[in-house]
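Inspection log for the structure reproduced underneath, given as structure tokens.
First the proteins, then the strands, lettered A, B, ... as listed; each starts at 1.
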Amino acid sequence: MAQIFNRSANTLARASILGAILLISASGAALLKLQRSPYVTNQHIAPEQPVPFSHQHHVAGLGLDCRYCHTSVEQSSFAGIPPTKTCMNCHAQIWTSADLLHPVRYSFQSGESLQWTRVHDLPDFVYFNHSIHVNKGVGCESCHGRVDQMPLMYAENTLQMEWCLSCHREPEKFLRPKSQVFSMTYQQPTPENPVEVNGRKFLSQAELGQYLKDQYHLRTVRDITSCSTCHR
Amino acid sequence: MSNTKDSNSNLIPVDAIQPARLELDAVRQKLSEASGPKFWRTLDELSDRREFGELLEREFPRQASEWVDPVSRRGFLKLAGASMALAGLAGCTKQPLEQILPYVRQPEELIPGKPVFYATAMPFAGHAVPLLVETHEYRPTKIEGNPQHPASLGSTDIFAQASILNLYDPDRSTSVTFMGEPSTWANFVGELRREVGAPGVVSRQKALRGAGLRFLCGSTSSPTFAAQMKALQQQFPQAKWHWYEPVHRDGVRAGSKLALGGYYDAVYKFDAADVVVSLDADFLSGAWFPGFVRYARDFMSRRKLDGREMNRFYVAESSPSTTGAKADHRLPARAADIEKIARALAAKLGVAGAGAVQLTQEQQNWVDAAAADLMQHRGKGLVVPGVFQSAAVNALAHAINAALGNTGQTVSYIDPVEVAAVEHGHSIRELVDDVNAGRVDALVMIGGNPVYDAPVDLEFEKALGKIKVAIQLSLYRNETTDHVHWHIPAAHYLESWSDARAYDGTVTIIQPMIRPLYDGKSAHELLAVFGDNPGASDYELVRGYWKTQHTGADFDMWWKRTVHDGQIAGSASPARQVSARLAALPAPENAGAEDIEIVFRPDPTIYDGSFINNGWLQTTPKPLTHNTWDNVAMISPAMAQRMKLDQVKDQADHQSDAQNILEIEFQGRKVEVPYWAQPGHPDYAVTLFLGYGQTRTGRTGRDADANTSRGYNAYSVRPVSAQYSGGAGKVVRTDKYWSLAVTQGHFSMDGREPVKVSTLEEYSKNHNFAHEHREEEPHDQSDSKPESLYPKYSESGWYKDYSWGMAIDLNSCIGCQTCVVACHAENNIPVIPKDQIQRGREMQWLRVDTYYEGDAANPSAYFQPVPCMQCENAPCEPVCPVGATVHSTEGLNDMVYNRCVGTRYCSNNCPYKVRRFNFLLFSDFDTPSLKMMRNPDVTVRSRGVMEKCTYCVQRISEARIAAEKEDRLIRDGDVVTACQQACPTEAIIFGNINDPNSRVSKLKASERNYALLAELNTRPRTTYIAAVENPNPAFKSPAPAEKA
Amino acid sequence: MQDVDQLPPKGVRPPIIGPGYNLGTLNDRIAGIVLTKHTPVFWFAVVGLAVMIFGMLNTAIAYLFAKGVGIWGINIPVGWGFAIVNFVWWVGIGHAGTLISAILLLFKQSWRTSINRFAEGMTIFAVMQAGLFPLIHTGRPWLAFYWLFPYPNSMGVWPQFRSPLIWDVFAVSTYFTVSFLFWGIGLIPDFATLRDSAKTLAVRRIYGMLAMGWRGSSRHWNRYETAYMLLAGLATPLVLSVHSVVSLDFAVSVIPGWHTTFFPPYFVAGAIYSGFAMVLILAIPFRYLYGMQDFITLRHLQNCGKLMLATGMIVAYAYGLEMFMGWYSHDKYELAMVHNRLHGPYSHYYWMLVLCNIIIPQALWSNKVRSTPWMLFVLACVVNAGMWLERFVIVVMSLQRDFVPSSWGMYWFTKWDVMTFVGTMGFFTLLFFLFIRFMPAIAITEMRTLLPQAKVKE
């Protein structure tokens, strides 16, 4: 009987089996990667803003404290976006005619708010509270990164749940003395540059973390990973 | 479902069928209002118009809509929402970029993200209901009682709780109209005060010294208002004020005149009363009984078995009420018989002039027992007359209290709290007579909706036609609006300055929480238009008035404190010394035994109709019947049998009962009503509920799909002569049906004892009654017992600091549903349309079950609030495939909405059936004003998600964070759940059961404490305190009641 | 035709293959169905109808996704309705296939050969229908379909493995995979046969590809047999496990009427019961339409009948036990459940079920009935209706009245429920007829072993 396939068909068949397996696993892996990619999370992407406000300039350059603008960060869940008034405190005197600042001046005269684009935007079903974090020794920098080095604001982290959990599951790895919460330059303790808290020297984050955890009466990991901690 | 439609369409009262013109007008109206930001809202509103509906229907198979919510206002947008949800299909959806708008100049005191509470009060039926209002960034979001105020002590009632929905109601009137055409406030003022050309009303009437000027208002107790009246009286000496409140208290007024020789308000001290006898007084049922909230608290403080002697409660009532349900001895009697009973009681207690009457054996027994008890407790007893009862009954009650020396002990009298103590029936009749006699040039109607709710035989609508200038100030465009020249949108009480006095006279300054959303005007501003200072704002007027009143230095300090505290310290009215003597009582009308009596009552949740457009109240089950969205006509089960009314086969489990429609004829007028056989309803009597059947109201108050009004209009047969009851009614059975939406189908306990009851006598003998017939119940409740496969949490170090729990005192629960509405408000619970409730899809997280036991003619009734039990061994937890409901380290069953995929397995496996599911897109994500109302601390659940009570976990979190910042533990009382906070009788107590000194622990320590379905070993954290009744041992019980 | 369905004299059992066939004629008869140039008219008729019903299914599902599960009759307390009833029903039907192919194979039941192929097909198609429901019955299927699977997601959470629904996901998907492989392996030699007897090159290429280069060499046969046996071994426990797991959805709950330990065997028996009923429902028309009486003989029908009778009795026993346990437990909720079954608002469903699943099937005792195709056909339909009712009774009647009287409720299914259910039947029929048309519905190679020639070789 005549051949309907030539010999190569066999190899082709075998290859296709292997190929199929590879293809499936590859696409799976790709999806998992995509899920966490900046394309989805906007991590490290600085969105368009009405005014190209530079944290670098204001924090590193002028040495403003976070709380000068984000006033409610210690009392409220919401850190607070500064009202135009806050900008005008200075810009009524300096850069009074800079075109860049026109939207600010316009807002102040017209009484219309500046329309910033949210950089750190959690889903509405997540109830994050700034005040409790800064009061328990979680530094601004731990989540927001070195804003003093960001000419334009972008999200340092993915803000995905697994990222939140990475800290909620072992907070001791990230805690810092309350005095250092608003510091951008704080370094975790190392034998070279130890950190001193209440007269005690700490050579490693391991011991410091443990110490602060007790000091600040952190709730157990099981507590802070209970669903209702963040979701209601 | 189809017969819903038939019946409803059968039920349109002739006058309700509007000519198409009006419909068109309405549309044009809306369009014309549409300016700037409002425009798209208008479109939204337009979407419930016919043609839009058509368009939708074509979008989907026609019949589709007959199963799923018939094409409705939200139908289209629901779908939009649904498809959006579908767009979120992939795991890696991009979150859209959001804007964030900071203040330009941020107010100093404001901390974004932190709620602020302000004191104010809700004027209700002329009395102040003192409140604290929670605001987020100046948006009022939740209403609580004012703990400092004697009339509230922190509790509220359903109307106060739900009133916030009226504030944000998108259907409120939004602009001044003249002859139905949009106009402006400026035009109105200009028009009224015009001098040149044809003089406006004000100028015209100035000349006539107000001869043709009439005002018609509902009850008010505002001192500022009174002052304004006085001022106007100087300008227009001939002007007349008329008062009409559809649910008025004429009987009380007349009675006090009869017995006390003048108008006085009675103030009761229930906590001082050992024996309370209610003559049709439903002081435990609703805010229409002035002082309800405080009275409920006081009364129940004597039934907590906390050492104080338990009071005994006799109730004779002409229509079943939650008050009667709490009675130790309840006597159903027709309204006419109540008077007889009152006379007999008086006679037995030696009150002169009561006259002799003939009673039935049952009635006699009741009277004997009550009289004996009252005698024993002279000075510590109390007889309370009903606000819906005749002058005679009220007078008799005063006389009895006087005779027994209760006056001054358990009851005292103060000058009327209302601005004008008059009998509303007479007052409005005078007005109509004046109009018909052509003596009225201009009529100013402040609030109210007389065309709809005035006594029908006065034909108010006709009268309105004869008036040259009719002005209406009201929240909504209602039936009256169609017949007035000027319609002014009223400002909601949360939008305006005013003042009001509570039942005891204590004054509250009403401060606004928010600028008027729809540029409404307050009554003060409207009156000012007639005065010298037409431009005056309500703030100036109110503050101005109190400046004149304030004696002593530093008014500003005083004002600040007063506004802050929500009351003027020590402004309660002083008690008056009055002596009650019985003048000649009007002879009692003698009703024949078979003569059918018609009784009118305000609807338990819609009141007089002013809350018809309030979705929360529409979906709140009426306490005794658990029906929603409709009013029924109550009759006795015996009567239903006599009339051979269709009983739906296996009524037990129907969420939608198809009920026979009765035709009621009363004094020559007819109305068609769905009957409801109510256990304990007096025989040969029908109770009609006011407030429904409105033809001109918002999208909630009418059935937009069937284009009919909801329920029947009881006002259409309510004559001025018989405002609350009258004899000689006719009842005919029709072959039409009306299907109701009922949330509880089965009112018998079926021998399962969800509610455990005993009597004081029994209880003193056997303290353990709550745990008997429970051999299955696992005796040792400790974790160590290896009787369960569930994780042993507390052994593995959970609940270290907190272990939340709740105890509900069934003795104290009066079934008023306030907790249900409070929960609705706190937790952003959606409003469920009628057809969905008929399908068994109501959404309230907290329900108050009602059970009847014993003789259907006069059963005992029990209320049982059922929130999520937060079981220790929770059946819902292990079955969820995605772990959306899980045990928290503080013992809650967390419900994670965003994780839920909606298998509904948890609900199936919940023995208490307290879980609720979003079968469709129930939440309204579209209406902007409603967005402003939402509680920002609670997720708004979307379609396909399970939800349930979590002990207000948002409040727990807030308290915990506050505590942790101060490095302390949460104190007892820091966390108060919404239901607990609202409850007038403190029946619900929540707290940390780790702390032996917390209130909840103490309560749970009681031997009356028991768990619902304990035998399942779910070990619920919500437990109940078994009820104990206090019947009179000497009472000759009637013939042995056959168990129902 | 007629003579084939004549009963042989008493004592003699009908043959499992008609007389007078040799390898060639056998091939032509079976392969003919597939390779014929003229597709029979009835085929178009049936497929046309099926396509329409399938369309209805799609409409129903589209509307479901647009609106939500609220278009169905479910509510609180009855959170599961048609969807789960249908799911259990279809999975049950899916049982006979593997039972026949695997267990009967291991037991060397040669009569299985002529029905195993389409029984397996039936299994796969039935499981496809079943698999549809758990997904679409969720409130948010667009999340459910991947949140139910464990994978390293960005939320850092896993599904809850304690939940029977997760067990379902694995049980059903495993069952489907194995049955599919089993079916596929069995098809390879037959594809080869089709390849070789096909006329046109195109057809030969297609079947050639499917045959994966099968040359029928002894090495091939050797491997084939081994693989087939191994899979049979794998599949056997699955037959029991799948429906046991499904039954756990109910058994692990607390609801009276669900909370029962004997559900697994009860469900498996019921599954096989309905499975064989479905085999008959398909086999009887098939053998008529394609004149296959010689291959699917009375012997097969009789055996199916006997199996139905046996499993039917087990099911009947289970019903009895349910009632007895309710009474014996003396638990007030169990008693109420029993009372509700017998006298509740849905009792007529219960009595219908007793009629369909217990009383009528007793007819199977008679050899006459077992050997009369049309009677068997009617009976099979009755039984499958009964099995559906059984699931309805279990799911709805148990939920409708559970513990707290105040929360009792009713369940009214909507037309969307019905459309979805009927829709799946259309889908099933469609798949099945496509299968008959394009694949050998009877295992040619295996049939060969039944021929006298085959015997001679030994």
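Cation-pi contact between B:Arg105 and A:Phe108: present, with separation from the ring centre below 6.0 Å and deviation from the ring axis of at most 45°.
Your options are A:Gly111, A:Ser76, A:Pro82, and the one with the most heavy-atom pairs under 4.5 Å with chain B is A:Ser76. With respect to chain B, the highest number of heavy-atom pairs below 4.5 Å among A:Val119, A:Thr71, A:Thr84 belongs to A:Thr84. Ranked by non-hydrogen atom pairs under 4.5 Å with chain B, the options A:Leu218, A:Asn129, A:Asp124 are led by A:Asn129. For the set B:Arg960, B:Lys800, B:His887, B:Arg899, the count of heavy-atom pairs under 4.5 angstrom toward chain A peaks at B:Arg960. In terms of non-hydrogen atom pairs under 4.5 Å with chain B, the most contact-rich of A:Cys230, A:Pro123, A:Gly80 is A:Pro123.
B:Ser888 places no side-chain N or O within 3.5 Å of a backbone atom of A:Ser226 that could act as its donor or acceptor partner. Side chain of B:Thr939 to backbone of A:Arg232: a donor-acceptor contact under 3.5 angstrom is found.
Using a 4.5 Å cut-off between heavy atoms, A:Asp223 contacts chain B through both its backbone and its side chain. Looking at A:Phe125, both its backbone and its side chain come within 4.5 Å of chain B, counting heavy atoms on both sides. Heavy atoms of B:Glu958 lying under 4.5 Å from chain A are absent altogether. Of the two parts of A:Leu32, neither the backbone nor the side chain holds a non-hydrogen atom closer than 4.5 Å to a non-hydrogen atom of chain B. Both the backbone and the side chain of A:Asp121 come within contact range of chain B, judged by heavy atoms closer than 4.5 Å.
A heavy-atom distance below 4.5 Å is not found between the side chains of B:Leu97 and A:Arg118. Counting heavy atoms from C-beta on, the side chains of B:Tyr103 and A:Ser113 never come closer than 4.5 Å. Looking at heavy atoms from C-beta onward, A:His231 lies in side-chain contact with B:Asn898 at the 4.5 angstrom threshold.
Other residues, nucleotides and ligands place more than 12 heavy atoms under 6.0 Å from the CZ atom of B:Phe117. For A:Glu48, the CD atom is loosely surrounded, since the number of other residues' heavy atoms within 6.0 Å does not exceed 12.
Remark: A:Arg219 engages B:Glu964 in a salt bridge, criterion side-chain N to carboxylate O under 4.0 Å. For A:Lys136 and B:Asp967, the salt-bridge test passes: some basic side-chain N is under 4.0 Å from an acidic carboxylate O.
In this structure, A:Gln115 CD and B:Leu101 CG are separated by 4.5 Å, a value rounded to the nearest 0.5 Å. For the atom pair B:Ile961 CD1 and A:Tyr127 OH, the distance stands at 12.5 Å (nearest 0.5 Å). Taking CG of B:Asp937 as the start and OG of A:Ser77 as the end, the distance is 7.5 Å to the nearest 0.5 Å. Going from atom CD1 of B:Ile111 over to atom CD of A:Glu74 covers 11.0 Å, rounded to the nearest 0.5 Å.
Checking B:Lys114 against A:Ser72 by side-chain atom types alone, no donor-acceptor pair falls below 3.5 Å.
Residue A:Ser131 comes nearest to B:Lys965 through the heavy atom pair OG-NZ, 3.1 Å, listed as atom of the first residue, atom of the second, then distance. Smallest separation of non-hydrogen atoms from A:Cys227 and B:Val896: CB-CG2, 3.4 Å. Heavy atoms only, all atoms of each residue included: A:Ile81 and B:Gln106 are closest at O-OE1, 4.5 Å.
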*Under the side-chain contact (heavy atoms from CB on, under 4.5 Å) rule, what do A:Arg222 and B:Trp798 come out as? Steps first, then yes or no, please.*
CA-CA 8 Å; A:Arg222 211 195 273 116; B:Trp798 294 42; 2.9 Å; yes
